[in-house]
**Q** 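After the structure tokens below, expect a handful of questions from me.
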Number of protein chains: 2
Amino acid sequence: MTTTVEFISKLRNSGLRPTKQRIKICEVLFNKEKTFHFTINDLVKIIENEANEKISLATVYNTVHAFEKKGYLKEIPIDSNQSYFDTNIADHHHFYDIAEKKLIDLKQTDVGPINIQKTIPGKKIKSVEVLVKLETDNQ
Amino acid sequence: MTTTVEFISKLRNSGLRPTKQRIKICEVLFNKEKTFHFTINDLVKIIENEANEKISLATVYNTVHAFEKKGYLKEIPIDSNQSYFDTNIADHHHFYDIAEKKLIDLKQTDVGPINIQKTIPGKKIKSVEVLVKLETDNQ
DNA sequence: TCAACAGTTTAGAATGGTTTTAATGTAATT
DNA sequence: AATTACATTAAAACCATTCTAAACTGTTGA
């Protein structure tokens, strides 16, 4: 449980003005028991349900991108027509249920260490992400 | 080097009528020395340059999706606003150079086996894809 | 060989997620 | 309180992708 005051200083410390909208989005995203995955559309709906407020779509996009840039959110690479975000910023991997278009977290221990042998001069590894696609098992 | 005749029978055997457009796209995609990555836009440009033909955008989309469904192409999961495809259908993974927006193939031996410990009832694993994001190494 | 059918191509319109615009509003600073 | 820089907003624009419906073409069987 994080208080509004804490969100305000977190935002200020990040160089983001603590506006009503950003605080609301913080509460929606970072005050949950568990981390979760969402699309922008999901987030808009959650805000509409949870508060009776309405935050403009553009602001939701702006805020999510700002939070991503600050490292408070991670975008999950999926070849889908919309972006998925994750409030779990720890290093971890995903199942993607193709039929249901749903993401499921994998723990580090579910996958085991991944050792990348190849290097590219002048580049360093920023992240290593495994996406396991699931389909229906008909048998 | 694959002949036109071979592409025709490959298409027929897949239940796809060997049309002029599909044969052309086969030649562009599968007659290269090396496998490569492309977007739909890339492919349209290649076709325009290589032949003086013009294939309708809708047909390019249709054909790429048909080929993907038949397993002759693979879509690569990246959190981008457009789809990337790969003519390398062997089991392999990717580097993604964030700065240059370029994909680089990793060989199986560059990554080693990945062992997924978790299972979901009624679902089976369709694919396991590793995306290694690279950033500039400033030091 | 030819007719008939089913599958394919096409240009252009529609769709839908995301970004831009430019006007209005608000937090921070003086 | 005035100023300034940053934020929010609705609506328009953007752009990759999909859809539509009419024209076209490969295939089949008589």
**Q** Which residue is it: A/His94, A/Lys74, A/Lys102? I am looking for the one with a side-chain hydrogen bond (donor to acceptor under 3.5 Å, both in side chains) to A/His37.
**A** A/His94
**Q** If you compare every side-chain N and O of B/His65 against the phosphate oxygens of D/dT18 (OP1, OP2), does one of them come in below 4.0 Å?
**A** yes
**Q** Check this one for me: any side-chain N or O of A/Arg22 less than 4.0 Å away from OP1 or OP2 of C/dA27?
**A** no
**Q** Between B/Arg17 and D/dT25, is there a side-chain N or O to OP1/OP2 distance below 4.0 Å?
**A** no
**Q** I need the CZ-C1' distance between A/Phe85 and C/dT18, as an integer number of Å.
**A** 10 Å
**Q** May I have the distance from A/Lys20 (atom NZ) to D/dT8 (atom P), rounded to whole angstrom?
**A** 10 Å
**Q** State which residues pass side chain to side chain contact (heavy atoms under 4.5 Å, CB included) with A/Asp110; sequence neighbours excluded, sorted by chain then number.
**A** A/Leu106, A/Lys107, B/Lys118
**Q** When the distance from CG of B/Asp79 to P of C/dT18 is rounded to whole Å, what number comes out?
**A** 12 Å
**Q** Rounding to an integer number of Å, can you tell me how far B/Tyr61 OH sits from C/dG12 C1'?
**A** 15 Å
**Q** Applying a 4.0 Å non-hydrogen cut-off, can you work out what A/Leu57 is touching in the nucleic acid: base, sugar-phosphate, or nothing?
**A** base
**Q** Tell me whether the side-chain N/O atoms of B/Ser56 come closer than 4.0 Å to OP1 or OP2 in C/dT9.
**A** no
**Q** Expressed in angstrom and rounded to an integer, what is the separation of B/Gln21 atom CD from D/dG26 atom C1'?
**A** 12 Å
**Q** With a cut-off of 6.0 Å (strictly less than), are more than 12 heavy atoms of other residues, nucleotides or ligands near NZ of A/Lys69?
**A** no
**Q** Round to the nearest Å and state the distance from B/Leu16 atom CG to D/dG26 atom C1'.
**A** 13 Å
**Q** Look at the aromatic rings of B/Phe30 and B/Phe67 and report parallel, tilted or perpendicular, splitting at 30° and 60°.
**A** tilted
**Q** Which of these nucleotides, C/dA28, D/dT27, C/dT9, is closest to any side-chain atom of B/Pro18?
**A** D/dT27
**Q** For B/Asn81 and A/Gly15, take the nucleotide of DNA chain D holding the closest heavy atom to each; which residue's nucleotide lies nearer the 5' end?
**A** A/Gly15
**Q** Does B/Thr19 place a side-chain N or O at less than 4.0 Å from the phosphate oxygens OP1/OP2 of C/dT8?
**A** no
**Q** Which whole-number value in Å describes the distance from A/Ile40 CD1 to C/dG16 P?
**A** 18 Å
**Q** Residues sharing A/Ile98's hydrophobic cluster, by side-chain heavy-atom contacts under 4.5 Å among ILVMFWY, directly or via others?
**A** A/Ile76, A/Ile78, A/Tyr84, A/Tyr96, A/Leu103, A/Leu131
**Q** Does a side-chain N or O of B/Thr39 approach OP1 or OP2 of D/dA16 to a distance below 4.0 Å, or not?
**A** no
**Q** Send over the distance from B/Arg12 CZ to D/dT27 C1', rounded to a whole Å.
**A** 9 Å
